[in-house]
Amino acid sequence: MADLVGVHPDLAVRITRVLAAMAALGFPMRITEGLRTVARQQALYAQGRTAPGRIVTKCDGVLKKSRHQAASDGLGHACDCAFIGVDPFGERLEPGEKLPSDRQPWAAYGAAVQAVGLVWGGGPSFLKAGLNDRPHAELPS
């Protein structure tokens, strides 16, 4: 997959398994973002601050790097996925908010991400930090 170019091979194998499981459940997904450049991370950080849109990250790309950016091994350790269809991301939830039944595919995705040993952006460690990034999956630190 082109969107997995530059991501850690272990992440690529695991997220491919997640996407296969989601397709088998009837919820096909795709990778929306893998390895990010500093410029891309800075553009995302600017959203909701100095650029239009809502805040989507707390990582500025320089002082605080995203797991999407190249690590010391030169590879990205995170990727984002979305459902294929008219509402690929749905609305973000506030920390601690439960998924309504019509948005359970995110719960299935999160379970699949965690089942292959990845950290889910909608999971406990993210929610505890005040973050909720359901599309996000990353290798454990």
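Note that the coordinates shown come from a computational prediction; the quantities given were computed from them, not determined experimentally.
The minimum heavy-atom distance between C81 and M29, with the atom names listed, is CB-CE, 3.9 Å. A pairwise comparison of heavy atoms in Q114 and G123 identifies NE2-CA, 4.1 Å as the closest pair. The two residues R14 and P140 have their closest heavy-atom pair at NH1-CD, 4.3 Å. Across all their heavy atoms, A12 and V7 have their closest contact at CB-CG2, 4.1 Å. Scanning all heavy atoms of the two residues, the minimum distance from G110 to W120 falls at CA-CD2, 3.3 Å. When all heavy atoms of A71 and H77 are compared, the closest pair comes out as CB-NE2, 3.7 Å.
Note that the SG atom of C79 and the CG atom of D3 stand 9.5 Å from one another [nearest 0.5 Å]. Taken from OH in Y109 to CG in L19, the straight-line distance is 7.0 Å, to the nearest 0.5 Å. In this structure, CD in Q69 is found 7.5 Å from SG in C59, a value given to the nearest 0.5 Å. Atom CD1 of I15 and atom CD1 of I31 lie 5.0 Å apart (nearest 0.5 Å). We find the OG1-CD distance between T50 and Q47 to be 10.0 Å, quoted to the nearest 0.5 Å.
No single ILVMFWY cluster, assembled from side-chain heavy atoms under 4.5 Å apart, contains both V13 and L75. Linking Ile, Leu, Val, Met, Phe, Trp and Tyr whenever their side-chain heavy atoms come within less than 4.5 Å puts L25 and L118 in one cluster.
The existence of a salt bridge linking D133 and K58 is excluded, since no basic side-chain nitrogen approaches an acidic carboxylate oxygen closer than 4.0 Å.
Between the side chain of R67 and the main chain of L139, a donor-acceptor pair closer than 3.5 Å is present. Checked by atom type and distance alone, the side chain of Y45 never pairs as donor or acceptor with a backbone atom of T57 at under 3.5 Å. Side-chain atoms of Q41 never come within 3.5 Å of backbone atoms of V38 as a donor-acceptor pair (strictly under, hydrogens ignored). Side-chain N or O atoms of K65 include one that pairs as donor or acceptor with a backbone N or O of A70 at under 3.5 Å.
Contact of the E33 side chain with the R40 side chain is registered, since non-hydrogen atoms from C-beta on lie closer than 4.5 Å. Residues E138 and S66 are not in side-chain contact: their nearest non-hydrogen atoms beyond the backbone lie 4.5 Å or more apart. Under the 4.5 Å side-chain criterion, counting only non-hydrogen atoms from C-beta, D80 is in contact with R36. Counting heavy atoms from C-beta outward, P135 and T32 have side chains that stay 4.5 Å or more apart.
Between W106 and F83, the ring planes lie perpendicular to each other; the angle is over 60°, past the 30° to 60° tilted range.
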